[in-house]
There are 2 protein chains.
Amino acid sequence: MRKASITIKEIARQLDVSKSTVSRALRDSSEISEETKKRVIELAESLNYSPNPIALSLLRNRTQTLGIIVPDIANPFFSTAIGGVEDIAYSRGYHTMIYQSHESYERELADTRHIAMRRVDGLIVSISSQTENHDHFIELQEQGIPVVFFDRVSESTPSHKVRVDDYKGAFEATEHLISRGCKNIAHIAGPANLSISRNRLRGYQDALTQHGIELRDEWVVSSEYNQAGGTERAYQLMALRNRPDGIFAASDRIAIGVHWALRQLGYRMPDDVALVGFSDLSISSLLDPPLSSVAQPSFEMGQLAATLLLDLIESKGTPAAFETRVLTSNLIIRKSSMKDLVGN
Amino acid sequence: MRKASITIKEIARQLDVSKSTVSRALRDSSEISEETKKRVIELAESLNYSPNPIALSLLRNRTQTLGIIVPDIANPFFSTAIGGVEDIAYSRGYHTMIYQSHESYERELADTRHIAMRRVDGLIVSISSQTENHDHFIELQEQGIPVVFFDRVSESTPSHKVRVDDYKGAFEATEHLISRGCKNIAHIAGPANLSISRNRLRGYQDALTQHGIELRDEWVVSSEYNQAGGTERAYQLMALRNRPDGIFAASDRIAIGVHWALRQLGYRMPDDVALVGFSDLSISSLLDPPLSSVAQPSFEMGQLAATLLLDLIESKGTPAAFETRVLTSNLIIRKSSMKDLVGN
DNA sequence: TGCGAATTCGGGAACGGTTTCGGGAACGGT
DNA sequence: ACCGTTCCCGAAACCGTTCCCGAATTCGCA
């Protein structure tokens with residue numbers, strides 16, 4: 001049984017004034033006498049009144065709530081990004097509702113519908129790997145709900161975007177493998193419908209060609225962004241007649257799967273195979289050998305996305321031009337890629 | 001600019017009927033003619049009308065939302081438990097709002113206040129390690145918002161509780177270390193104000209005494225449930241004149257910190273020190289050597305907590321007796337504790 | 001034919017706030 | 001004495017929906 005909360009009407013009754021007066025007194029309006037204000041505020045506090053946000057939402061058609069869709073909150077990259085969003089949101093009086101797409105397009109669609117129904121004020125999203133059609137985000141925007149993408153952004157949707165320089169990160173990672181003497185460098189890419197996958201792939205390719213190394217199709221395979229995919233692809237790569245001596249994985253989760261597979265197969269890292277991942281999850285440094293990785297500022301990405309979204313929400317009339325903020329990644333070199341330089 | 005959603009009133013205007021009629025037609029009331037129903041439903045669909053849940057909430061004083069407070073969503077144990085909660089909640093038409101206490105009492109307090117203000121229908125919570133006073137949960141219940149605890153339960157608060165058999169899990173883990181020939185078994189306990197910490201400590205103690213092993217105070221230290229604490233305590237334990245040859249850590253996060261410290265210090269696991277953790281996080285199996293751990297059914301715990309809470313919410317009048325569901329834990333033995341049996 | 005009972009629908013209150021409008025009283029100035 | 005301000009406050013509309021209460025029309029049956 002839900003106990004009735006005390007309302008403005010109840011205060012008005014006890015003080016024998018109108019509810020308008022109570023409302024104004026609590027909002028410290030100038031057209032209420034100091035004395036009445038004091039009486040109202042005192043009673044409100046003693047009754048420990050708190051205004052009903054639902055009534056406010058109905059009135060203003062605003063919920064003071066941000067939606068956020070990520071593929072998986074158990075992924076540390078996303079959970080810390082969510083932390084960044086919450087950090088900003090709380091400080092500006094908003095709350096966040098967290099949705100998981102579980103890398104499913106259908107689920108993502110259902111989430112956006114729910115967000116529209118729930119009248120959330122805005123959405124921050126990192127799209128699922130199975131999403132090819134982005135119309136549901138456009139629809140949301142047409143309903144007046146602004147959308148900001150982070151990490152896995154939609155290229156076809158005009159909006160604010162926050163991402164890291166995937167191309168540059170991948171380029172540097174690959175260049176690092178080259179500089180450590182790797183000759184046969186493979187890449188395990190992410191799903192091709194995500195722009196981050198394509199950019200990281202391009203970074204890998206350009207680094208090789210720029211160093212005069214021939215691209216070989218058999219050394220580029222694709223995987224979901226998870227551990228099982230990494231393991232599977234590693235088995236596939238190491239079974240090649242021309243096996244790689246360096247692997248750049250498009251994510252740490254993939255790299256962890258590779259790491260596991262290489263140990264299973266008896267390869268030594270970095271001597272037999274040098275390995276680099278992407279994201280620098282905190283667990284990556286705990287592996288043996290510790291994993292080299294391209295670090296992304298996940299918390300800051302969440303903060304920035306939230307800031308952009310809130311500005312969009314609160315600047316009613318002025319639809320400033322959409323911008324894409326590109327944060328810098330940072331290659332963290334650990335033992336998994338520190339192959340001895342024999343030749344040099 | 002938020003576009004006005006189409007309302008029941010708009011449909012009524014276009015069809016020249018009253019809004020009551022529209023409302024009833026959409027709810028398939030028997031007192032509306034089939035023909036009118038059809039007209040209303042058709043127009044509603046073509047306008048792609050969806051009812052405003054905020055208005056409903058105001059009317060019913062129900063939000064169809066569950067609150068959930070965990071110390072940290074980046075902890076895989078909690079994020080999978082949240083997955084279990086969502087699984088049940090979605091299927092019963094509820095949404096979940098996720099809060100993080102960050103192991104802070106003040107933050108937990110602020111979260112419960114926000115939950116009360118937001119008129120959430122019920123709360124699922126695993127309390128923070130710094131929480132000693134549980135009055136805020138009682139207050140919530142007095143306001144008619146039911147509370148269900150999981151994992152880190154409150155002993156002083158009457159309510160449904162879902163937990164694993166911490167005592168038995170700890171007992172078995174310790175007994176396992178004994179059976180592998182460990183003579184000097186230390187325990188890194190969690191914060192003493194959490195019942196799980198105390199129960200796991202008791203399991204450790206009882207296993208030792210039951211096998212005629214003397215308890216030594218210096219071998220029981222306490223730590224926060226995180227990696228840094230584990231590392232610190234491991235340094236402390238290994239510095240003892242009488243250093244342990246087996247360590248049972250109260251959580252995997254602590255155990256991972258110990259794991260790291262032991263490798264830093266040059267100890268071999270399990271030969272020099274055998275190690276067992278608690279929770280069986282997925283990363284634990286990736287460590288080298290893989291970590292033995294007491295597995296908890298985290299997803300099922302979330303499901304069960306949600307089921308109990310929803311039953312509580314929807315059974316208006318009948319306040320059935322509160323129950324504590326104790327799920328069984330499961331010792332997973334891996335290399336970190338598989339010390340060779342020399343003597344036997 | 002007349003009358004009670006269905007059938008079908010509209011009016012309005014209610015949920016808990018904010019806000020527009022207006023009005024009474026006090027007050028000051030001429 | 002009269003009028004214009006200013007200060008305080010109340011009445012009522014409004015947000016979107018449900019639901020209670022009537023009410024009009026039709027229908028069935030005696």
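Quick caveat: nothing in here was measured; it's all calculated off a predicted structure.
- Across all strands shown, C:dG11 is found opposite D:dC20 as a Watson-Crick or G-U wobble partner, with both distances under 3.5 Å.
- Within the 4.0 angstrom heavy-atom criterion, no nucleotide atom of any strand lies near A:Ser57.
- B:Arg118 forms no cation-pi arrangement with B:Tyr99, by the criterion of a distance under 6.0 Å to the ring centre and an angle within 45° of the ring axis.
- Residue A:Thr7 is in sugar-phosphate contact alone, with no base atom involved, counting any heavy-atom pair closer than 4.0 Å across all strands shown.
- In this structure, CD1 of B:Ile6 is placed 15 Å from P of D:dC15, rounded to the nearest angstrom.
- Side-chain atoms of A:Glu323 and A:His160, non-hydrogen and from C-beta on, do get closer than 4.5 Å to each other.
- The shortest heavy-atom contact between A:Pro71 and A:Gln100 is O-CB, 4.2 Å.
- Across all strands shown, the partner of C:dG28 is D:dC3, judged by Watson-Crick or G-U wobble contacts whose two distances both fall under 3.5 Å.
- For the pair B:Thr36 and C:dC9, the criterion of a side-chain N or O lying under 4.0 Å from OP1 or OP2 is met.
- The side chain of B:Arg27 has D:dC19 as its nearest neighbour among D:dG16, D:dC9, D:dC19.
- Between B:Ile127 and B:Phe149, the shortest heavy-atom distance links the atoms CG2-CE2, 3.8 Å.
- Atom C1' of nucleotide D:dG16 and atom CG of A:Asn52 are separated by 14 Å, given to the nearest angstrom.
- Distance, A:Arg62 CZ to D:dG16 P: 15 Å, rounded to whole Å.
- Proximity note for A:Thr21 (side chain, C-beta onward) versus C:dG10, C:dT18, D:dC9: the nearest is D:dC9.
- The side chain of B:Ser18 contributes an N or O atom lying less than 4.0 Å from OP1 or OP2 of C:dG10.
- Spacing between atom CD of B:Glu34 and atom P of C:dT7 amounts to 12 Å, rounded to whole angstrom units.
- Counting non-hydrogen atoms under 4.0 angstrom, B:Lys19 reaches a base of the nucleic acid.
- Remark: of the listed residues B:Asp121, B:Leu309, B:Thr65, B:Asp121 is the sole one forming a side-chain contact (heavy atoms from CB on, under 4.5 Å) with B:Tyr94.
- Looking at heavy-atom distances under 4.0 Å, B:Arg24 makes contact with a base.
- Rounded to whole Å, atom C1' of D:dC15 lies 13 Å from atom CG of B:Leu56.
- Nucleotide D:dT25 has C:dA6 as its partner under the Watson-Crick or G-U criteria, with both atom distances under 3.5 Å.
- Taking all atoms of both residues into account, the shortest heavy-atom contact from B:Arg39 to B:Val17 is NH2-CG1, 4.0 Å.
- Residue B:Ser33 is classed as a sugar-phosphate contact, given heavy-atom separations below 4.0 Å to backbone atoms only.
- Residue contacts shown for B:Leu59 include a base, since a base heavy atom lies under 4.0 Å away.
- Distance from the side chain of B:Lys9 is smallest to D:dC15 among C:dG10, D:dC15, C:dC15.
- Distance CD (B:Glu31) to P (D:dC21): 13 Å, rounded to an integer number of Å.
- Between B:Arg60 atom CZ and D:dT18 atom P the separation is 7 Å, expressed in whole Å.
- Applying the 3.5 Å distance criterion, the base of C:dG11 shares a donor-acceptor pair with the side chain of B:Ser20.
- Counting to the nearest Å, the C1' atom of C:dC9 and the CG atom of B:Asp16 are 12 Å from each other.
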